[in-house]
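First the proteins, then the strands, lettered A, B, ... as listed; each starts at 1.
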There are 2 protein chains.
Amino acid sequence: MSVLIVGSIAIDNIRTQTEQKDDLLGGSASYASVAASFFDSVNMVGIVGTDFPKPYRELFINRGVNLEGLEVAEGKTFRWTGEYEVNMDNRRTLNTELNVFETYQPKLPQSYRSSQLILLGNISPALQLHVLDQVDRPGFVVADTMNLWIDVALEDLNKVLKRIDLLVINDSEASQLTKKDNLIQAGRAILQIGPKYVAIKKGAHGCLLLSQDQFFSVGAYPLEHVKDPTGAGDCFAGAFAGYLGSLEKSAFDFSDLKKAVVYGSLLASFSVEAFSLDGIKDLTQKDLDRRFQVFRSMSHFD
Amino acid sequence: MSVLIVGSIAIDNIRTQTEQKDDLLGGSASYASVAASFFDSVNMVGIVGTDFPKPYRELFINRGVNLEGLEVAEGKTFRWTGEYEVNMDNRRTLNTELNVFETYQPKLPQSYRSSQLILLGNISPALQLHVLDQVDRPGFVVADTMNLWIDVALEDLNKVLKRIDLLVINDSEASQLTKKDNLIQAGRAILQIGPKYVAIKKGAHGCLLLSQDQFFSVGAYPLEHVKDPTGAGDCFAGAFAGYLGSLEKSAFDFSDLKKAVVYGSLLASFSVEAFSLDGIKDLTQKDLDRRFQVFRSMSHFD
């Protein structure tokens, strides 16, 4: 089945301690859609300005991403400038220009409204709800979020949590949302708000997956060097949803979700090895298969 | 084969944010020997004072630990008082009384000198070397260490590293020793100093195992509450060595070491659920088997 992915499409300026790159393709929908495209067909929903570079549009098309839901509005594309500290775990937003995103109200093309598998990428909870309202009968809904929305839009975020099946969230945000440092406690507290599953991303420490009565833990692919962590979480969510979509099922069991976590971790690991989408856009099936085998042998013990 | 375990035997006073317990059985050799005893026969080497409580001695005997190498010296047993902060990851030493440990020079009984499998528990590197010198032809040597020895005995610690097969170390200590924040880089730097393998313990984030060309990552058993983290690392090292001993082999392959890491993590998880050795001393084979199955299902994904 096709995966419906909504999120931001951005032009990023990235500063790390050693490099500075401007005018890169970024945004949660961009990363997630390209990551998902390795597993399933993708219907993207988002907005860009008339300045959106043609090569970036072509990158989506080359990955087979359906752009019927991509609105092009008079004006400039959303822009974000961020800086990473030495350890790459902490980043600061230096500048945000919402531009065409400021008044954006996502409108789903008719053909998207029967979507079964939905990824609400990292955008404001209000927009996530607005998208969900336009889907006839959602089958399985995955949502991502970030610290900003916990700070400024908690009420809407709680509404989202009651309408989704799985939340993707990182460790510090899980603790922020639930006021619990222990991630098992934090995960269980999130399940009590609404979703049946929560995936807690821990960066270099891997990822946890919790349901009411089941638990999964996978390490991160061992990387000595991280070039640009931007979009790693979006790639995780995109590959996660894309893998589930590829199963062509209406309900998933825990073992499906485990493998989705592994594929999410896998795409995230490729993503951080290069700036923007350069780490994932040209991946081959062989690249995916080889790294999947590494995940398998580094996790299994008999 | 029997496992030779050397380390400290202590009387601990422990303060957590909610509880305070005095005169507990502690010390690296105590935890490690009892943890190892679930897998293999254990020859313990250490020292206590004439004040050492009889019930603690009986605890070792009940677990089948061979005490021929346990010296009883005139005077008081080594005492340690420690306090944990809220998150249980940070602890402060409030008081240390070396007592009989101050002038201790471990002396191996003749029957221990042909030991093949050796765990140099967390004591000063000089004492670890002194023990190693008394073994005829060590087969496989595991060593543990701590931040204190990196600070005050780095030269001796480097000598230890050149004579062992596997180092057990926690994440912050691995970074401290190698001056590398990235744990994959830190692990590889440790392998360059000497050992063929390094196991990096990450507390609630689990454990990594690295060799020159292989990698393993296992999550921690999901615990919502930790009562007393004291000795978790010693239990890890003890169960690790004990499991290897139980294999009755002269050489181990990476899959053996993976399972040793899992059993190490498993005993550590039981240990932190209670003060002192209360979490592990009465474990049954059924307890071990059940938790091993949890580790398996939380780590395997097909």
Q) Aromatic ring centroids of B:Phe216 and B:Tyr197 under 6.0 Å? A) no

Please flag which part of [X] lies under 4.5 Å from any non-hydrogen atom of chain B: side chain, backbone, both or neither.
X        : value
A:Ala220 : backbone
A:Phe295 : both
A:Leu209 : neither

Q.
For the residue pair A:Thr230 / A:Tyr31, report whether a side-chain donor-acceptor contact shorter than 3.5 Å exists.
A. no

Q: Would you check if there is a donor-acceptor pair between the side chains of B:Asp278 and B:Ser276 at a distance under 3.5 Å?
A: no

Can you tell which of [options] has the highest number of heavy-atom pairs within less than 4.5 Å of chain A?
options                                : value
B:His205, B:Lys258, B:Gln214, B:Arg296 : B:His205
B:Asp171, B:Leu208, B:Val218, B:Asp302 : B:Asp302
B:Asp181, B:Val86, B:Leu223            : B:Leu223

Q: Check whether any side-chain heavy atom of A:Val3 lies under 4.5 Å from a side-chain heavy atom of A:Phe39, and answer yes or no.
A: no

Q: Determine whether A:Val272 and A:Tyr221 make a side-chain contact, defined as any pair of heavy atoms from C-beta on separated by less than 4.5 Å.
A: no

Q: Under 4.5 Å, counting heavy-atom pairs only, tell me which of A:Ser255, A:Gly206, A:Ser297, A:Gly187 racks up the most with chain B.
A: A:Ser297

Q.
Using the side-chain hydrogen bond (donor to acceptor under 3.5 Å, both in side chains) definition, which of the options A:Arg92, A:Arg91, A:Arg15 pairs with A:Glu83?
A. A:Arg92

